[in-house]
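Reading through the structure tokens given below for one structure.
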There are 2 protein chains.
Amino acid sequence: MMNLLLSQLSQGDFKRLEPYLKVTSFKQHSVLFEAEQEIKHVYFPTGAVVSLVVTLASGETVEAAMVGADGVVGASAALDGRISLSRGIVQLAGDIIICSIDGLKSTALQSPKLLSLLIRHEQTVYAQAQQSAACLAAHHVQARLCRWLLRARDLSGSDTLLFTQEYLAEMLAVQRTSVTIVAHTLQSAGLIKYARGKIQILDADGLQDGACECYSTVKRHYERLLGPAT
Amino acid sequence: MMNLLLSQLSQGDFKRLEPYLKVTSFKQHSVLFEAEQEIKHVYFPTGAVVSLVVTLASGETVEAAMVGADGVVGASAALDGRISLSRGIVQLAGDIIICSIDGLKSTALQSPKLLSLLIRHEQTVYAQAQQSAACLAAHHVQARLCRWLLRARDLSGSDTLLFTQEYLAEMLAVQRTSVTIVAHTLQSAGLIKYARGKIQILDADGLQDGACECYSTVKRHYERLLGPAT
DNA sequence: TACTGTCTGTATGATACCTTACATAACGGC
DNA sequence: GCCGTTATGTAAGGTATCATACAGACAGTA
């Protein structure tokens with residue numbers, strides 16, 4: 001599987017970027033970078049799914065955005081600033097194409113097409129963050145969980161997701177017991193099936209009915225800016 | 001008063017941009033653009049303060065970021081995409097320097113300095129959005145109000161702010177009655193004084209003690225990327 | 001088989017905030 | 001000064017979620 005941004009590059013651009021690329025496998029829960037640290041690499045997931053999370057002084061973490069093979073992590077900071085704004089963690093294990101920030105920046109400044117892709121992609125991530133803000137303020141845990149599962153499914157391309165309720169709780173910024181309750185509800189409704197860290201999505205359409213609008217809003221923004229993600 | 005981004009441009013860059021600039025006054029609550037619309041202009045506030053808000057299907061609005069003379073609104077979309085991701089509203093009346101998106105884009109592609117400023121600024125807005133997400137998820141109304149008032153004070157440069165509780169409630173994504181209660185508490189504590197849409201900040205340090213970490217986190221991100229805003 | 005750690009279920013009281021409703025108070029126009 | 005409008009205060013019941021605690025179920029290991 002390839003990364004959707006890289007696959008949109010011209011052959012020439014890709015050749016120019018290629019010397020700086022290196023594929024690496026990451027395990028679930030790996031931390032790619034911490035917030036407010038100098039970053040040295042840019043991450044183009046191919047199989048892995050990465051989340052950008054804010055960490056608060058209390059230790060609590062809140063997810064702002066999720067990126068998979070449809071995007072890139074750290075590109076904006078690579079172009080300028082060079083400091084991460086959030087923590088980047090691997091939600092779902094898989095491969096990531098790592099690129100040096102200097103390689104990306106020099107290539108982007110020579111390739112309007114690449115620069116354009118990065119600028120538009122950055123907007124899709126921004127759109128996710130602002131939608132997360134609205135979602136956390138206005139929507140209930142159950143709708144948020146449905147949204148989250150659908151998003152993880154889209155990015156992983158699989159109906160089986162390896163997440164414990166504990167972990168979901170952290171991502172949704174709620175208590176673990178709250179996740180237990182709504183997960184139970186969703187299972188009773190026949191939408192999902194889960195056991196000990198393994199969640200199967202049985203009825204994606206049903207999940208979408210239960211999800212808040214944020215799922216489709218984020219998708220719409222993405223498709224407008226970068227085309228269908230298939 | 002000048003815009004902080006524009007004032008960092010070289011004389012040559014500014015001269016190139018100048019033909020596309022036009023100062024306009026905006027009243028409070030003006031809508032600069034709606035979400036998901038084609039944008040034609042970029043906004044450099046000088047006296048005005050602008051908020052970027054997400055509107056949900058329910059009609060509820062949630063603020064993701066606030067920009068004043070320290071920044072620019074719509075620049076990222078101007079560089080590419082050309083579609084707004086959120087609604088832009090004027091929080092506090094004042095002047096805004098309007099620039100055509102074509103003018104900004106062509107100038108930015110010729111001026112690495114301007115492009116760099118825009119890219120770094122975009123990150124400060126992203127940082128606000130993700131912090132808003134965390135804040136809405138984890139922090140109480142009182143701390144959020146303190147944060148919000150301090151931010152509005154910084155951007156307006158004034159200790160007197162013209163906001164009704166109704167309006168504050170919308171920005172904080174809570175009920176008006178909740179604002180009344182915490183505003184009353186803050187007034188009793190001698191931190192603010194308010195009456196019929198006019199809020200005076202009496203003790204900014206006290207407010208900062210009551211505010212959540214998000215206020216200083218956002219400020220720190222900004223200063224790292226663009227220097228002290230003074 | 002027993003043991004241990006992890007994951008999930010459930011219960012219970014607390015609480016921040018919602019929702020709705022209505023009362024009071026200030027301002028602006030006439 | 002009167003009156004409609006807007007802004008703020010307050011009350012009372014409801015609810016989603018928190019916080020904490022503990023119990024049961026499953027998987028891996030010895």
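Chain letters run A, B, ... following the sequence lines, proteins first and then strands; every chain starts at 1. Just so it is clear, the structure is predicted and the values come from calculations on it, not from any experiment.
The side chain of B/H184 contributes an N or O atom lying less than 4.0 Å from OP1 or OP2 of D/dG9. Put simply, B/Y167 has no side-chain N or O that comes within less than 4.0 Å of OP1 or OP2 on D/dT6.
Between B/T46 and B/D95, the side chains place no donor N or O within less than 3.5 Å of an acceptor N or O (distance only, hydrogens not considered). Side-chain atoms of B/T180 and B/Q165 include a donor-acceptor pair closer than 3.5 Å. Using modelled atom types, one finds no donor on one side chain facing an acceptor on the other under 3.5 Å when comparing A/E213 with A/Q131.
Atom CZ of A/R144 is separated from atom C1' of D/dA16 by 11 Å (rounded to the nearest Å). One can place CG of B/L136 at 14 Å from C1' of C/dC17, the figure rounded to the nearest angstrom. One atom, CG of B/L162, and another, C1' of C/dA26, lie 16 Å apart when rounded to the nearest Å. Distance A/K198 NZ to C/dT8 C1': 16 Å, rounded to the nearest Å. Residue A/L168 contributes atom CG, which lies 8 Å from atom P of C/dT8 at whole-angstrom precision. For the pair B/Q187 CD and D/dA7 P, the computed distance is 17 Å after rounding to whole Å. Atom P of nucleotide D/dT8 and atom CD of B/Q165 are separated by 5 Å, given to the nearest angstrom. If you take CZ of A/F163 and P of C/dC7, they are 14 Å apart, rounded to a whole angstrom.
Note on residues 118-128 of chain B: pairs passing salt bridge (charged side-chain N to carboxylate O under 4.0 Å, His left out), not counting sequence neighbours, are A/D80-B/R120.
With respect to A/D70 and A/R151, a salt bridge is recorded, a charged nitrogen being found less than 4.0 Å from a carboxylate O. Using a cutoff of 4.0 Å between basic side-chain nitrogens and carboxylate oxygens, A/R224 and B/E36 are scored as salt-bridged.
In this structure a side-chain-to-backbone donor-acceptor pair under 3.5 Å is missing from B/R82 to B/K40.
Taking the six-membered ring for Trp and thresholds of 30 and 60 degrees, A/F26 and A/Y43 have ring planes more than 60 degrees apart, a perpendicular arrangement. Note on ring orientation: taking the six-membered ring where Trp is involved, the planes of B/H121 and B/Y222 are perpendicular (angle over 60°, cut-offs 30° and 60°).
In terms of position along DNA chain C, the nucleotide closest to A/E166 lies nearer the 5' end than the nucleotide closest to the other residue of the pair B/H140 and A/E166.
Near-neighbour residues of DNA chain C inside residues 170-183 of chain A, defined by a heavy atom below 4.0 Å, number-ordered: A/R176, A/T177, A/T180.
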Each nucleotide N or O in nucleotides 24-26 of chain D that has a protein N or O under 3.5 Å away: list the pair and distance.
| residue | atom | partner | partner atom | Å |
| --- | --- | --- | --- | --- |
| D/dC26 | O2 | A/R196 | NH1 | 3.4 |
| D/dC26 | O2 | A/R196 | NH2 | 3.3 |

